Amino acid sequence: MSRMPWFRMYTDFLVDHKLIGLAFEDQRHFIGVLALKSDGALDIECEPDLLDRIVAQRLWIDHAIIRDVKKRLVAAGLIDARWQPLGWNKRQMRSDGDPTAAERKRRQRAKEQGMAARDTVAATESAGIAVTEVTPVTPRSRVTFPAVTGLDEDAEPESEADSEKMKGELVMDGVDFAAWPETPSAAVWGDYLKHRRELKAAMTQTAVNRLGAEVRRAQSLGYSADDFLAECMLRGWRGGKAEWLSRDQHLRTVPPESKGKAASSRQEALEFRNREVARLAALEK
């Protein structure tokens, strides 16, 4: 096996009778031997004494006790006299060190998918269904669409009614604006979605439809769809109601009088405004 920066280790390490019978230090020494084997250090052609010194140096073991460590690991049935782990080839896969294994596996899967596609075509044709063309699916397949170069010459021109209907049914980013009196611009809608995400508020189709009803009411107050969404963002609203805008306009236009009583001071005018805010807030509930 070629040199590898890693090796396979299994969970039975914790219950293997050969390992649990060793002292903790020798268990660590054995793991170090496995790492040296994966690194190719144990496959060097040299004298046994030199190999002992190499292992001692790599595992940071005193040269005076390295042979005792080897004897204990040999006695446990974990390595042979040349530090080779027993059962190494059984537990490590040859494909782990093969740099072409991943590419060969990819080609094999592509071939299997192609065969499955041909089997599907054969079964479909045997059932009497015509199949014009089948392209095998591969991991690198990409779907492409032809570019639109012009309008169909035989197509009839759309009427103004059809154009208005299509304008109200425009779908943008998977959202259906059929319930809206007009479709917001892509830039404003994108900003509004970002605003909703920052408030951790999901934008479902139901929420879009409810918002469209408020946009329709806001139009009667002189707000376009973009204006209404902009107001919602500026005021930090999670949603938006046209009556909230109507309330603000009302508060700006109501004179500082209540039930025929003239407001003789700023305090009375302020108290009146506060009462109006409280009354309209109660109506919203």
Side-chain angles (χ1 to χ4, degrees), residues 1-20 27-45 54-55 58-59 73 76-80 82-150 152 170-176 186 189-190 193-194 196-197 200 202-206 208:
M1 179 176 290
S2 61
R3 181 174 178 177
M4 289 283 292
W6 58 273
F7 62 90
R8 293 175 182 259
M9 191 169 183
Y10 298 82
T11 56
D12 60 0
F13 173 87
L14 298 174
V15 296
D16 189 283
H17 68 280
K18 295 180 181 179
L19 292 168
I20 61 179
Q27 292 182 17
R28 182 188 181 282
H29 294 153
F30 178 62
I31 295 176
V33 170
L34 296 178
L36 292 179
K37 176 62 178 177
S38 181
D39 190 49
L42 301 182
D43 297 329
I44 300 174
E45 295 293 337
I54 292 174
V55 173
R58 296 289 297 273
L59 298 185
L73 296 181
L78 296 173
I79 65 172
D80 62 16
R82 286 193 56 84
W83 294 95
Q84 298 296 325
L86 301 180
W88 175 262
N89 292 333
K90 179 181 178 181
R91 295 222 161 190
Q92 308 301 316
M93 303 300 177
R94 295 177 61 88
S95 60
D96 291 343
D98 185 0
T100 65
E103 179 62 22
R104 287 190 288 105
K105 188 65 176 178
R106 187 192 67 79
R107 292 199 300 267
Q108 178 187 355
R109 289 173 179 168
K111 181 179 179 181
E112 291 174 352
Q113 290 177 347
M115 294 176 62
R118 287 193 292 271
D119 292 342
T120 302
V121 172
T124 304
E125 291 179 344
S126 64
I129 302 175
V131 178
T132 58
E133 182 180 358
V134 174
T135 302
V137 179
T138 65
R140 299 181 182 273
S141 295
R142 294 292 184 271
V143 178
T144 57
F145 299 92
V148 178
T149 57
D152 189 351
L170 179 63
V171 176
M172 180 166 51
D173 295 332
V175 178
D176 186 1
W189 181 248
L193 290 180
K194 181 180 178 181
R196 293 273 297 193
R197 286 194 295 269
K200 301 186 183 305
M203 178 55 74
T204 63
Q205 186 60 52
T206 300
V208 172

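Because only heavy atoms are used, hydrogens play no part in the values below, and waters and symmetry mates are left out as well, while side chains stay in. Just so it is clear, the model here is predicted, and its values are computed rather than measured.
At least one donor-acceptor pair closer than 3.5 Å links the side chain of Arg196 to the backbone N or O of Ala202. Put simply, the side chain of Asp80 gets close to the backbone of Trp83: a donor and an acceptor are under 3.5 Å apart. At distances below 3.5 Å, at least one donor-acceptor pair connects side-chain atoms of Gln205 with backbone N or O atoms of Asp176.
Here the CG atom belonging to Leu86 is positioned 10.5 Å from the CG atom belonging to Leu73, to the nearest 0.5 angstrom. One finds the CG atom of Leu36 at 9.5 Å from the CZ atom of Phe7 (value rounded to the nearest 0.5 Å). We find the CZ-NZ distance between Arg8 and Lys90 to be 14.5 Å, quoted to the nearest 0.5 Å. Taken from NE2 in His17 to CG in Asp12, the straight-line distance is 11.0 Å, to the nearest 0.5 Å. Rounded to the nearest 0.5 Å, atoms NZ (Lys111) and CZ (Arg106) are 14.0 Å apart. The CD1 atom of Ile79 sits 11.5 Å away from the NE2 atom of His29 when rounded to the nearest 0.5 Å.
Side-chain contact between Val33 and Gln84 is absent, with no heavy atoms from C-beta onward closer than 4.5 Å. Ile54 is not listed as a side-chain neighbour of Leu42, based on a closest heavy-atom distance of 4.5 Å or more. At least one side-chain heavy atom of Trp88 sits less than 4.5 Å from a side-chain heavy atom of Leu34.
Every residue two or more places apart in sequence or in another chain that forms a side chain to side chain contact (heavy atoms under 4.5 Å, CB included) with Leu19 is listed here: Phe13, Asp16, Leu22, Phe30, Leu78.
Residue Arg28 qualifies as open at atom CZ: its count of foreign heavy atoms under 6.0 Å is 12 or below.
The two residues Ile20 and Val15 make their nearest non-hydrogen contact at CD1-O, 4.1 Å.
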